[in-house]
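Have a look at the structure below before the remarks.
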Number of protein chains: 2
Amino acid sequence: MTCPLKTDPEQRPLLGLAEAGELAGLFEVLASATRVRLLHALMTMDDPCMSDLAAAVEMKAQAVSNQLRKLVDLGVLDTCRHGNHIHYRIVEPCVTNLLHQGLCINEDQVLRKVGYS
Amino acid sequence: MTCPLKTDPEQRPLLGLAEAGELAGLFEVLASATRVRLLHALMTMDDPCMSDLAAAVEMKAQAVSNQLRKLVDLGVLDTCRHGNHIHYRIVEPCVTNLLHQGLCINEDQVLRKVGYS
DNA sequence: CTTCTAATACACTGATTCATGTAATAGACA
DNA sequence: TGTCTATTACATGAATCAGTGTATTAGAAG
């Protein structure tokens, strides 16, 4: 969890559009309450399948499937079929780390505003 | 930058909608290439005003002002007027930490996909 | 083969976002 | 005061996103 940057962010040249876009894309994964809850559920539960996750977040199967599909496409999740059930797991440690960091921030200070709008 | 969570994320109950929303709102701040570049510029430059930032990211003043306004409303930035110029600075260390973390992730591994779409 | 269930694919809709253009505000300076 | 500059406010339009409903696929079980 420690993070020694080779280059001090204060000293490197300004972020280019491409690099900033990649970074923003990474954060975008966690910029949705539904995805945050799903990813947290994936960290918490033991080898859940789609319907487990849908039940956990109390949402319709299609909505959950939509989000899981996106996360798979982005390489964040991986799937594994067992009979009729498809199980998901996180394969991108970046996302876990960032979510962990976010939970940490949220733990000891209440954010001023709830939503970003 | 170290982050010892009091409660292990694997053991806490599932994130509620409100808490997940707050967390997602935090990540949303960094989920835009423009905002990432602006925040990085704010970390890099010395007491920049709006037009400095607009020049740095090569965007129109209005677009930059829109984003800065949002960041101010969210409590991420603070402003200080000096004559005709309005200067901005980051007052929310969470965001700096997260951006730092993101830069770190981006440094030693190329993300698979560029955008989230 | 038939039927049932789990999950996904697809089209659709309402909401949101971002940059733009125009107009208005705030201060500097003559 | 009048004017210039820097910045913001507001409305507009294109693009994107999230969730819903319907239809379809993949496998299990009779």
Side-chain angles (χ1 to χ4, degrees), chain A residues 17 20-21 23-39 41-42 45 47-74 76-89 113-117, chain B residues 17 20-21 23-39 41-42 45 47-74 76-89 113-117:
Chain A
L17 252 181
L23 207 41
L26 174 62
F27 285 113
E28 179 89 42
V29 170
L30 292 163
S32 140
T34 297
R35 285 192 292 276
V36 164
R37 293 177 79 207
L38 285 174
L39 289 165
L42 280 160
M45 300 165 72
D47 196 34
C49 66
M50 214 280 294
S51 37
D52 293 334
L53 291 167
V57 301
E58 293 175 303
M59 290 180 63
K60 308 212 168 188
Q62 303 99 301
V64 172
S65 180
N66 285 342
Q67 297 299 332
L68 294 178
R69 181 76 165 81
K70 283 187 185 174
L71 295 172
V72 170
D73 286 348
L74 288 168
V76 174
L77 301 183
D78 197 9
T79 63
C80 165
R81 179 155 215 153
H82 279 291
N84 252 349
H85 295 262
I86 301 184
H87 297 258
Y88 289 84
R89 71 174 204 280
K113 288 194 104 170
V114 174
Y116 169 80
S117 60
Chain B
L17 253 180
L23 207 41
L26 175 62
F27 286 113
E28 178 90 43
V29 170
L30 292 164
S32 141
T34 297
R35 283 191 294 274
V36 164
R37 293 177 77 208
L38 285 174
L39 288 165
L42 281 160
M45 300 165 72
D47 196 33
C49 67
M50 215 279 294
S51 38
D52 293 333
L53 292 166
V57 301
E58 292 176 303
M59 290 179 62
K60 308 213 169 186
Q62 303 98 304
V64 172
S65 181
N66 284 343
Q67 297 300 332
L68 294 178
R69 181 75 165 80
K70 283 186 185 175
L71 295 172
V72 170
D73 286 349
L74 288 166
V76 175
L77 301 183
D78 197 9
T79 65
C80 165
R81 180 154 214 154
H82 279 291
N84 254 348
H85 295 261
I86 300 184
H87 297 259
Y88 288 84
R89 70 174 206 279
K113 289 194 101 169
V114 174
Y116 169 79
S117 59

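Note on naming: letters A, B, ... go to the chains in the order of the sequence lines (proteins, then strands), and numbering restarts at 1 for each one. Just the heavy atoms: all of them, side chains too, but no hydrogens, waters or symmetry mates, feed the values below.
Applying the 4.0 Å criterion to OP1 and OP2 of D:dT7, one finds that B:S65 has every side-chain N and O outside that range. Taking side-chain N and O atoms only, B:T34 has a distance below 4.0 Å to OP1 or OP2 of C:dA19. For C:dA7, the OP1/OP2 oxygens have no side-chain nitrogen or oxygen of A:R69 closer than 4.0 Å. Considering only side-chain N and O atoms, A:K70 lies nowhere under 4.0 angstrom from the phosphate OP1 or OP2 of D:dC17. When the side-chain nitrogen and oxygen atoms of A:Q62 are compared with OP1 and OP2 of C:dC10, none of them lie within a distance under 4.0 Å. Between A:R81 and C:dA7 there is no side-chain polar atom (N or O) within less than 4.0 angstrom of OP1 or OP2. Within the structure, a side-chain polar atom (N or O) of B:S51 is placed less than 4.0 Å from OP1 or OP2 of D:dT7.
Checking D:dA6, C:dA7, D:dT8 against every side-chain atom of A:M50, the shortest atom distance belongs to C:dA7. Closest to the B:N84 side chain, of the nucleotides C:dA26, C:dA7, D:dG27, is C:dA26. Considering only side-chain atoms of A:I86, the nucleotide from C:dA19, C:dT8, D:dG27 that sits closest is C:dT8. For B:K60, the listed nucleotide lying nearest its side chain is C:dT20; candidates were C:dT20, D:dT22, D:dG27.
Going from atom CG of A:D73 over to atom C1' of C:dT8 covers 12 Å, rounded to whole Å. One interatomic measurement links the two molecules: CG of B:L17 to P of D:dG19, which rounds to 10 Å at whole-angstrom precision. In this structure, B:L53 places its CG atom 15 Å from C1' of D:dT8, rounding to the nearest Å. As rounded to whole Å, 7 Å separates atom P of D:dT8 from atom CG of B:L68.
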Working note: B:V76 + B:L39, criterion side-chain contact (heavy atoms from CB on, under 4.5 Å); need CA distance, chi angles, decisive distance, verdict. CA-CA 10 Å; B:V76 175; B:L39 288 165; 4.1 Å; yes
